[in-house]
Amino acid sequence: MASSKRLMWSLPLELIEEILKRTPAESVYRFKSTCKEWHDLITDKRFMYNHLDHSPERFIRFDDKKTVQIMDPVTGILTYSPIPDVFCYPYSIASMVHCDGLMLCMCNDSSFRQTKHANLAVWNPVTRKIKWIEPLVCFYATDNFGIGYDNTCRDNYKILRFSSPLSLRDPAKCEIYEFKSDSWRTLDGIKLFDWDVDTQCRGVSLKGNMYWIAKREDKEDFIQSFDFSTEMFKYICVCPPWSETQQQDMLFCHPFRRLGCFNGDRLSLLLQHGQVGSMHIEVLVTNKLSDEVVSFTKYFNVTSPYLPALQFQCNMAPPGYFVGKHSDIMAWCEGDVEEDDEWYTCITLYQIDQGGIRKQIETGRHEESRYSNPPICSYVYVPGLIPLLE
């Protein structure tokens with residue numbers, strides 16, 4: 001250990017930076033106290049974003065309202081830490097959106113029994129810092145939220161809040177919160193909404209913008225975005241519809257679709273449907289979102305009697321997933337199993353490719369009668385060092 005320290009001290013700062021850039025964020029954060037030079041390097045904005053752009057994806061989940069679990073999907077290494085006290089009763093997390101290592105947390109407020117109020121927080125799991133976002137008036141559980149940034153100033157993060165109109169004749173209600181000014185403002189000039197967000201399929205933040213699956217009455221579903229640079233909503237492309245076969249399968253097994261990111265600059269769409277003994281998974285990806293015309297194309301699909309139902313029932317937590325570069329997916333999900341006349345909820349990490357299940361790791365098991373399902377089983381996030389302004 002002593003010789004390793006002497007070696008690091010003797011290295012040029014540029015080489016140290018290259019080493020730290022490829023070191024997990026949790027370790028780099030602890031290294032801040034090593035010396036003044038390292039502290040200045042690690043807290044430098046240029047280094048933080050350089051490190052972030054080189055960090056691999058992780059899974060994160062809340063387990064049984066007790067622990068935060070972070071999974072390295074490549075190694076299968078799982079780390080545990082207590083859930084922050086502020087996310088315990090009455091402010092349990094209902095959903096999260098990731099952006100640059102920051103988790104935008106939508107929290108249900110259980111202290112209100114007559115109205116469905118909500119609270120909003122931004123959390124960095126690496127630094128363990130949490131910032132509560134105060135509303136102009138109040139937040140509601142039915143509000144839609146997104147997080148991103150202006151591409152001319154990446155570190156000035158913004159939060160979008162909008163609520164669906166009561167009717168198509170009502171104006172859209174949109175607000176923007178800026179981190180640096182610590183204030184909300186109302187967006188003017190937003191046209192009437194003729195669409196609504198698919199609440200069963202959460203949105204994703206990518207390259208500073210938000211993306212959702214949106215629905216219009218009697219029309220095709222589509223991908224809707226919000227550009228935080230222009231502060232305008234934008235139609236992206238048609239969302240691939242369910243086929244006739246998929247619609248028939250819906251009568252037998254709960255189907256689902258999930259929107260995700262792919263390759264840092266594209267969207268992915270995970271579809272699963274089928275019947276017991278014949279499950280089907282299909283993965284589609286877009287071309288670059290910066291292209292003039294964006295559309296989905298099939299990446300890979302697989303049908304097998306041995307595939308797991310990634311969300312077996314509609315009341316089970318939807319899985320987190322991400323798409324690999326070799327025609328495979330990693331999914332962290334929950335499912336029910338029966339052993340010795342007892343039912344258990346098992347938390348399992350799957351690697352699935354065109355040949356079926358390639359890896360399966362059970363990471364937890366709970367008695368079903370005592371298990372408290374999270375609203376979402378897991379999320380994909382990238383650990384980062386981005387600070388939260390107090």
Side-chain angles (χ1 to χ4, degrees), residues 25-26 28-29 43 45 48-49 51-53 55 57-62 68-70 81-88 90-109 117-141 143-151 153-163 174-185 187 202-212 226 228-229 231 261 320 374-376 378-390:
E26 295 84 354
V28 174
Y29 185 69
T43 56
K45 185 192 304 185
M48 287 191 293
Y49 283 109
H51 181 277
L52 182 69
D53 292 338
S55 295
E57 293 174 308
R58 297 281 188 269
F59 280 117
I60 185 170
R61 71 182 302 272
F62 285 175
V68 178
Q69 299 180 343
I70 296 178
S81 62
I83 288 179
D85 291 340
V86 294
F87 291 147
C88 297
Y91 300 136
S92 59
I93 292 180
S95 63
M96 298 192 291
V97 179
H98 166 261
C99 177
D100 282 359
L102 304 176
M103 305 300 295
L104 176 64
C105 307
M106 286 69 80
C107 306
N108 290 334
D109 189 346
H117 285 250
N119 286 272
L120 198 64
V122 180
W123 171 43
N124 186 326
V126 172
T127 66
R128 302 186 181 182
K129 300 294 184 182
I130 298 169
K131 178 179 176 62
W132 289 101
I133 308 298
E134 297 297 327
L136 280 176
V137 180
C138 64
F139 299 132
Y140 294 97
D143 288 341
N144 297 298
F145 294 95
I147 184 171
Y149 51 82
D150 188 325
N151 281 294
C153 185
R154 184 173 178 179
D155 64 330
N156 186 20
Y157 294 95
K158 300 179 181 182
I159 296 172
L160 169 71
R161 175 204 181 194
F162 66 99
S163 22
C174 302
E175 297 170 352
I176 287 282
Y177 172 87
E178 292 194 29
F179 279 45
K180 286 191 173 180
S181 65
D182 191 24
S183 62
W184 289 92
R185 53 186 167 82
L187 279 186
R202 65 182 185 270
V204 297
S205 179
L206 180 61
K207 291 287 187 182
N209 297 326
M210 277 296 303
Y211 299 87
W212 301 269
F226 183 81
F228 280 93
S229 299
E231 297 187 350
C261 304
I376 306 291
S378 62
Y379 299 82
V380 175
Y381 102 113
V382 179
L385 303 165
I386 307 303
L388 291 173
L389 300 176
E390 298 297 334

field: Pair Asp100 + Lys207: basic N to acidic O under 4.0 Å
entry: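 Lys207 and Asp100: not salt-bridged.
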Under the 3.5 angstrom rule, does the side chain of [X] hit a backbone N or O of [Y] as a donor-acceptor pair?
X: Trp132; Y: Asn119; value: no
X: Asp143; Y: Tyr140; value: yes
X: Lys158; Y: Phe228; value: yes
X: Ser229; Y: Asn151; value: yes
X: His98; Y: Val382; value: yes
X: Ser92; Y: Cys88; value: no

Heavy-atom pair of closest approach, residues [X] and [Y]:
X: Leu206; Y: Tyr211; value: O-CE1, 3.8 Å
X: Ile147; Y: Cys99; value: CG2-CB, 3.7 Å
X: Cys261; Y: Ser205; value: SG-O, 3.9 Å
X: Pro82; Y: Val68; value: O-CG2, 3.9 Å
X: Gly203; Y: Met210; value: C-CE, 3.9 Å
X: Tyr381; Y: Glu26; value: OH-OE2, 4.2 Å

With a 4.5 Å cut-off on side-chain heavy atoms, are [Y] and [X] touching?
X: Glu178; Y: Ser183; result: no
X: Met106; Y: Val97; result: yes
X: Ser81; Y: Arg128; result: yes
X: Cys174; Y: Phe226; result: no
X: His51; Y: Val28; result: yes
X: Glu231; Y: Leu187; result: yes
X: Ile83; Y: Ile93; result: no
X: Pro387; Y: Met48; result: yes

Looking at [atom1] of [X] and [atom2] of [Y], how far apart are the two atoms once the value is rounded to the nearest 0.5 Å?
X: Leu120; Y: Cys107; atom1: CG; atom2: SG; value: 7.5 Å
X: Glu175; Y: Arg161; atom1: CD; atom2: CZ; value: 4.5 Å
X: Phe179; Y: Asn156; atom1: CZ; atom2: CG; value: 9.0 Å
X: Cys105; Y: Lys131; atom1: SG; atom2: NZ; value: 14.0 Å
X: Ile130; Y: Ile133; atom1: CD1; atom2: CD1; value: 11.5 Å

- prompt: So, for Trp212 and Phe162, is the gap between ring centers shorter than 6.0 Å?
  reply: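 Yes, ring centres under 6.0 Å apart.
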- prompt: Do Trp123 and Phe62 have ring centroids that are under 6.0 Å from one another?
  reply: yes
message: Would Tyr157 and Asp150 count as a side chain to side chain contact (heavy atoms under 4.5 Å, CB included) here? Give the steps.
response: CA-CA 7 Å; Tyr157 294 95; Asp150 188 325; over 6 Å; no
message: Does atom NZ (Lys180) have a neighbourhood of more than 12 heavy atoms from anything else shown, all under 6.0 Å?
response: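 For Lys180, atom NZ is crowded (more than 12 foreign heavy atoms under 6.0 Å).
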Heavy-atom neighbours of Arg185 CZ exceed 12 at 6.0 Å: yes
- prompt: Do Tyr149 and Asn209 have side-chain N/O donor and acceptor atoms under 3.5 Å apart?
  reply: no
field: Identified side-chain contact (heavy atoms from CB on, under 4.5 Å) partner of Pro383 from the options Asn124, Ile60, Val126
entry: Val126
side-chain hydrogen bond (donor to acceptor under 3.5 Å, both in side chains) between Tyr49 and Asp155, worked out: CA-CA 9 Å; Tyr49 283 109; Asp155 64 330; 5.3 Å; no
field: Residue pair Ile176, Ile159: steps toward the side chain to side chain contact (heavy atoms under 4.5 Å, CB included) verdict
entry: CA-CA 6 Å; Ile176 287 282; Ile159 296 172; over 6 Å; no
message: Please determine whether side chain to side chain contact (heavy atoms under 4.5 Å, CB included) holds for the pair Leu52 and Leu385, giving the CA-CA distance in whole Å, both sets of side-chain angles, and the decisive distance to 0.1 Å.
response: CA-CA 7 Å; Leu52 182 69; Leu385 303 165; over 6 Å; no
- request: Using the six-membered ring wherever Trp is involved, compare the ring planes of Tyr177 and Trp184 and label them parallel, tilted or perpendicular (cut-offs 30° and 60°).
  value: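 Tilted, since the angle between the ring planes falls between 30° and 60°.
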